[in-house]
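Report on one structure; see the data block that follows.
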Amino acid sequence: MKILVTGSAGFIGSSVIKSLLQRGDEVVGIDNMNNYYDPQIKIDRLSQFKDHHNYSNIKGDIADNNLLTNCFEEHQFDTVVNLAAQAGVRYSIENPRAYIDSNIVGFLNILECCRNNQIQNLVYASSSSVYGANESMPFSVEDNVDHPLSLYAASKKSNELMAHTYSELYELPTTGLRFFTVYGPWGRPDMALFKFTKSILEGKEIEVFNYGNHKRDFTYIDDIVSGVIKVIDNPAQRNQDWTGKNPDPSSSRAPWKVYNIGNNSPVELNEFINAIESSLGIKAKKKLLPLQPGDVPDTFADVKALERDFGYRPETSVLAGIDKFVTWYKEYFKL
């Protein structure tokens, strides 16, 4: 297939591209290379396949409708994987407009280009953050997600609703994936594993929010990529039996699906830190702090739907995943 991957220099985007190229797909990537975190790691991610004969990259923003329209017309994609977004829960409190530009305006541009170019499948990133104030565990796609705790979460819920509209009106197959705390080699420097590893190795104090008591469904990058590829290969289908009486909010007549994609095994933050200490052979200096605004105490992915429809099964334990990250980190920074 010929596939567009937005957010090509991002953690998940670059990992998906690498897997697609390995199996023989032709890929075009788009990324605005913003400075939300150090762009150097984005450049280095892209360098893994910048000379690949089946890959080309465009530096640009999906909020630029003209650029995106020209890109679609030139390349005639079969499938689009939209992983471009302004990420981060806490940053959405500081800089809300960045989330509207990228996650709302940018996603609208993607939808318009997909419907105008007869795209066969749109796969896009949602987030576990949409569950917000929901306290029912594990988080299920059948749960109500009408109470977000951050603008980032609200923007991701908006993406799901926008996708549903286009699926219903234009028969555009769309599948949203609610990612749960992705980690691993080439990970984001603003996320806990990267920040903790860096600080511990430098002998600096780490900030431990909620006093280390909250849990996260940490999901290794290879397990995420495996799930994304399965969804790329299987576009959502129109539900011919849908009656409109089903209370399940993940049910629809349109060719529209939403899935959780996580490890289905939450780990307490204190345990996560213990695993990092064990892998590094160094004890962390901790600064214990309360839960931050916009954060949720726990996340736990119910992945039964993804397992049922695609045979998805995460295989990497947190201990193994952290070891792989630490090995990569030391090699990348030549420690």
Review point. Between K156 and E160, is the closest basic N to carboxylate O distance under 4.0 Å?
Key: no
Review point. With a 4.5 Å heavy-atom cut-off, do V231 and L177 have their side chains touching?
Key: yes
Check your understanding: Less than 4.5 Å apart, any side-chain heavy atom of L201 and any of F333?
Key -> no
**Study point:** From CA spacing to verdict: side-chain contact (heavy atoms from CB on, under 4.5 Å), Y220, V318
**Key:** CA-CA 8 Å; Y220 190 66; V318 166; over 6 Å; no
Review point. Do R178's NZ or CZ and the ring of Y131 fall within the cation-pi criteria of under 6.0 Å and 45°?
Key: yes
Exercise for review: State the CZ-CD distance between R216 and E271, to the nearest 0.5 angstrom.
Suggested key: 14.0 Å
Check your understanding: Are T6 and V81 close enough that some pair of their side-chain heavy atoms sits under 4.5 Å apart?
Key -> no
Practice item. Please write out which residues are connected to F209 in a hydrophobic cluster, directly or through intermediates, given that two of Ile, Leu, Val, Met, Phe, Trp, Tyr count as joined at side-chain heavy-atom separations below 4.5 angstrom. Key: L289
Revision key, fill the gap. Value for CZ (F325) from OG1 (T197), rounded to nearest 0.5 Å, stands at 4.5 Å
Review point. Do the rings of Y99 and Y91 sit parallel, tilted or perpendicular, given the 30° and 60° boundaries?
Key: tilted
Exercise for review: Give a yes or no on whether a salt bridge exists between E26 and K2, defined as a side-chain N under 4.0 angstrom from a carboxylate O.
Suggested key: yes
Practice item. Taking the side chain as every heavy atom from C-beta outward, state whether Q48 and K18 have any atom pair closer than 4.5 Å. Key: yes
Practice item. Verify the distance criterion only: is there a donor paired with an acceptor across the side chains of N263 and T219 at less than 3.5 Å? Key: no
Point to revise | Ion pair check, K287 and E205, cut-off under 4.0 Å | key: no
Check your understanding: Taking atom CD of Q40 as the centre, does the number of heavy atoms from other residues, nucleotides or ligands within less than 6.0 Å exceed 12?
Key -> yes
Exercise for review: Start with the C-alpha distance between I261 and Y312, add both sets of side-chain angles, then the distance that settles side-chain contact (heavy atoms from CB on, under 4.5 Å), and finish with yes or no.
Suggested key: CA-CA 9 Å; I261 181 165; Y312 170 79; 3.8 Å; yes
Check your understanding: Is a donor on one side and an acceptor on the other found under 3.5 Å between the side chain of S317 and the backbone of A320?
Key -> yes
Point to revise | Basic-acidic side-chain contact under 4.0 Å: R188, D38 | key: no
Check your understanding: Quick check: does any side chain N or O of Q237 sit under 3.5 Å from a backbone N or O of P235, one acting as donor and the other as acceptor?
Key -> yes
Exercise for review: Please step through side-chain hydrogen bond (donor to acceptor under 3.5 Å, both in side chains) for the pair D217 and T181, ending with a clear verdict.
Suggested key: CA-CA 6 Å; D217 204 345; T181 318; over 6 Å; no
Check your understanding: About how many Å separate CG of N109 and SG of C71, when rounded to the nearest 0.5 Å?
Key -> 12.0 Å
**Study point:** Centroid separation F310 to Y259 less than 6.0 Å
**Key:** yes
Review point. How many angstroms lie between atom CG of N103 and atom OG of S158, to the nearest 0.5 angstrom?
Key: 9.0 Å
Check your understanding: Can you tell me if NE2 on H147 sees more than 12 non-hydrogen neighbours from other groups inside 6.0 Å?
Key -> no
Check your understanding: Side chains of R253 and E168: closer than 4.5 Å at any heavy-atom pair?
Key -> yes
Check your understanding: Any donor-acceptor pair under 3.5 Å linking the side chain of N144 with the backbone of D146?
Key -> yes
Practice item. Evaluate side-chain contact (heavy atoms from CB on, under 4.5 Å) for E307 paired with R313, printing each intermediate quantity in order. Key: CA-CA 6 Å; E307 181 179 354; R313 290 181 181 84; 3.6 Å; yes
Review point. Hey, what's the ring geometry for F194 with Y329, parallel, tilted or perpendicular (30° and 60° as the breaks)?
Key: perpendicular
Exercise for review: Take S167 and T174 through the test side-chain hydrogen bond (donor to acceptor under 3.5 Å, both in side chains) and record every step on the way to the result.
Suggested key: CA-CA 6 Å; S167 292; T174 67; 2.7 Å; yes
Review point. Can you tell if the side chain of Q86 reaches within under 4.5 Å of the side chain of Y36, non-hydrogen atoms only?
Key: yes
Review point. Got more than 12 heavy atoms from elsewhere within 6.0 Å of NZ, K157?
Key: yes
Check your understanding: Under 4.0 Å between a Lys/Arg side-chain N and an Asp/Glu carboxylate O for E331 and K334?
Key -> no
Check your understanding: Is it true that a side-chain atom of N210 and a backbone atom of N213 form a donor plus acceptor pair closer than 3.5 Å?
Key -> no
Practice item. Mind checking the CG-CG spacing from N117 to L68? Nearest 0.5 Å is all I need. Key: 9.5 Å
**Study point:** Spacing of F196 atom CZ and F272 atom CZ [to the nearest 0.5 Å]
**Key:** 8.0 Å
Point to revise | Worked check of salt bridge (charged side-chain N to carboxylate O under 4.0 Å, His left out) between E277 and K283 | key: CA-CA 5 Å; E277 292 173 328; K283 292 294 290 183; 3.4 Å; yes
Check your understanding: In terms of heavy-atom contacts, does CZ of R23 have more than 12 from other residues, nucleotides or ligands at under 6.0 Å?
Key -> yes
**Study point:** Of D31, N32, N34, the residue whose pairing with K42 passes side-chain hydrogen bond (donor to acceptor under 3.5 Å, both in side chains)
**Key:** N34
Practice item. Measure the shortest side-chain to side-chain distance between Y166 and P255 over non-hydrogen atoms and say whether it is less than 4.5 angstrom. Key: no
